[in-house]
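Have a look at the structure below, then the notes.
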2 protein chains.
Amino acid sequence: MTQLDLGQPDLGERTAEPSPKLGRKRDHTRDPEILSAALEVLAETGYDGMTIDMVAARAKAGKATLYRRWASKGELVIDAVACMKKGDLDDAKLPDTGTLRGDLIAMIRPHSIEDGEKKLQIMAGLMSMLSRAPELAEAANAAIVEPRAAANRVLMRRAMDRGEISADSDVDTLSLITPSMAAYRVLILRKPVDRDFLVSLIDGVLLPAVGLAHPGTDHR
Amino acid sequence: MTQLDLGQPDLGERTAEPSPKLGRKRDHTRDPEILSAALEVLAETGYDGMTIDMVAARAKAGKATLYRRWASKGELVIDAVACMKKGDLDDAKLPDTGTLRGDLIAMIRPHSIEDGEKKLQIMAGLMSMLSRAPELAEAANAAIVEPRAAANRVLMRRAMDRGEISADSDVDTLSLITPSMAAYRVLILRKPVDRDFLVSLIDGVLLPAVGLAHPGTDHR
DNA sequence: AAGATCCGGAACTCCACAGTATCGTATAAG
DNA sequence: CTTATACGATACTGTGGAGTTCCGGATCTT
């Protein structure tokens, strides 16, 4: 089956544990390992390539354990994708260097690059499902590209408040340039999204688009 | 099976018909219908969701006919994707209105929008395979995004020759903005790529990035 | 220690799809 | 008309994965 077929998605909600009377408490303590195993397999093989046995093996769990916790492969995947949002760039501990370029460059860190590539692989694995599972499309967007776009929006709005860039820049659209071009580069071109590439995007596209041209910027 | 498993890809080459001695000639006259049926199914269900029976039914052909012509599902898909390149915006019959903006706007036509969305659906269906089948990734890029990017490059270089835009604009990167942001919008956001969206991309991102700012452009 | 519950493992059923084989028919060549 | 070929349809086989069931052992509670 290629469908997700979650009758009533039941996305997110956990049917309130009634009363763990006796024996070991019903802790579901293996959930994180299982979900992260699912994400790994998802990134490596895609939704259709992923089998429940792969996930179970990776998490060193039994297949039955997965089915005790999730009704189907589809629900497991949705949960895994949703539980990935927690990410790194949560709050306003974004860089604040005083210039837009400084902030954008400061966002380029080895960890975020690595993390971004893995997330894109996951997105690729889900791609073909997105048209038939809108809730999955939403979850994937919220977990993978929105966080980064949101960070970019914050940085650009700050620059706007400082008067560094024009007030009628289309921030919502501009904040998507880096994510979507990185996606194209990784997924289709199969080239690495390294520091040099990101810097050239910032200096060659983003800053010019926002009115901060740099005749002499030598992309370094 | 989720793999493509083409032993020796044999991509493209048709083993030179030796000698159709007798009977009906070995014309392979149904190939186009079959390939286009394959593309339709691919766009609707993705690689793993697509079955040979679906393609055969869609093309009103027998399953055996497909296997007489292609050794496996994978080869059929590769052929179908490759045979899609022939597209529309081949030669230099691109618009030439005298301004970059005029040219870019003139490229927006109902047909190209529709065609572009279908191609993106196909790309989505192939996405999860791309990491394991480099030749497929190349074919998909050559057939789907490269043609459009190439057209954009031509228009921008013309503008450069006219002196309309700065000579050190990063044309190669800028030409990818529209394709990749359109892909994001269709595949992940699941919103339509209509004329308004494309115009706002041109006026809000591309032209500003290239130094043609427009304080008064009201995106119409 | 006794009792209850959860876990990992493994065997099992069921079904969908890739790929093969067969057959009757349509069509073109001779 | 005869003959060879390609075609569409359909029945068949084999495999792999989703989901289920069962069991022995581990772990917590009392």
Side-chain angles (χ1 to χ4, degrees), chain A residues 1-7 17-35 37-38 41-42 44-78 80 125 128-129, chain B residues 1-7 14-15 17-34 37-38 41-42 44-80 125 128-129:
Chain A
M1 183 86 75
T2 300
Q3 292 297 9
L4 268 185
D5 70 0
L6 342 147
E17 321 280 297
S19 53
K21 288 196 270 266
L22 283 169
R24 174 198 281 180
K25 72 170 176 290
R26 188 181 262 261
D27 50 5
H28 285 303
T29 205
R30 302 291 319 276
D31 280 18
E33 287 101 314
I34 295 174
L35 289 173
V41 178
L42 209 48
E44 290 165 20
T45 70
Y47 179 86
D48 296 281
M50 155 179 164
T51 71
I52 298 291
D53 297 80
M54 286 184 200
V55 178
R58 182 78 57 114
K60 279 191 260 295
K63 185 155 61 149
T65 304
L66 302 211
Y67 278 104
R68 278 179 205 118
R69 180 72 178 72
W70 292 277
S72 70
K73 176 178 170 180
E75 294 200 14
L76 168 62
V77 168
I78 290 198
S128 57
M129 312 294 302
Chain B
M1 180 88 74
T2 301
Q3 292 298 9
L4 269 184
D5 69 357
L6 341 146
R14 204 54 53 228
T15 57
E17 320 281 296
S19 51
K21 289 198 269 271
L22 284 170
R24 174 201 279 181
K25 72 167 173 294
R26 189 181 261 263
D27 49 7
H28 285 303
T29 203
R30 301 292 320 275
D31 282 18
E33 287 101 313
I34 295 175
V41 177
L42 209 48
E44 290 164 21
T45 72
Y47 179 85
D48 295 281
M50 157 179 162
T51 71
I52 298 292
D53 297 81
M54 286 185 203
V55 178
R58 183 76 59 111
K60 279 191 260 291
K63 186 154 63 149
T65 304
L66 303 212
Y67 279 103
R68 279 181 205 116
R69 178 71 177 70
W70 291 277
S72 70
K73 176 179 169 181
E75 293 200 14
L76 168 62
V77 167
I78 290 198
D79 241 34
S128 57
M129 313 294 302

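Convention: sequence-line order gives letters A, B, ...; per-chain numbering from 1.
In plain terms, the two heavy atoms of B:Ala59 and B:Arg30 that are nearest each other are O-NH2, 2.6 Å. Nearest heavy atoms, A:Ser128 versus A:Asp48: OG-OD2, 4.1 Å.
Side-chain contact between B:Val77 and B:Met50 is present, with at least one heavy-atom pair separated by less than 4.5 Å.
A:Ala80 pairs by the side chain to side chain contact (heavy atoms under 4.5 Å, CB included) definition with A:Leu35, A:Ala38, A:Leu39, not counting sequence neighbours.
B:Leu76 places its CG atom 16 Å from the P atom of C:dC17, with the value rounded to the nearest Å. A straight line from CG of B:Leu66 to C1' of C:dC17 spans 14 Å, rounded to a whole angstrom. For B:Lys73 and C:dT20, the NZ to P distance is 15 Å, given to the nearest whole Å. Rounded to whole Å, atom P of C:dG19 lies 16 Å from atom CZ of B:Arg69. Between B:Asp48 atom CG and C:dA18 atom C1' there is a gap of 13 Å when expressed in whole angstrom units. Counting to the nearest Å, the P atom of C:dC14 and the CD1 atom of A:Ile52 are 20 Å from each other.
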Please list, pair by pair, any protein nitrogen or oxygen found under 3.5 Å from a nitrogen or oxygen in nucleotides 8-15 of chain D.
unit_1 : atom_1 : unit_2  : atom_2 : d
D:dG8  : OP1    : B:Arg30 : NH1    : 2.4
D:dG8  : OP1    : B:Lys60 : O      : 3.4
D:dG8  : OP2    : B:Gly62 : N      : 3.3
D:dG8  : OP2    : B:Thr65 : OG1    : 2.4
D:dG8  : O6     : B:Arg68 : NH2    : 3.3

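When A:Thr65, A:Ile78, A:Asp31, A:Ile52 are each tested for a side chain to side chain contact (heavy atoms under 4.5 Å, CB included) with A:Trp70, only one passes: A:Asp31.
Within the 4.0 Å cut-off from OP1 or OP2 of D:dG19, at least one side-chain nitrogen or oxygen of A:Tyr67 is found.
Of the inter-residue distances, the one linking A:Leu76 atom CG with A:Lys73 atom NZ reads 9.5 Å to the nearest 0.5 angstrom.
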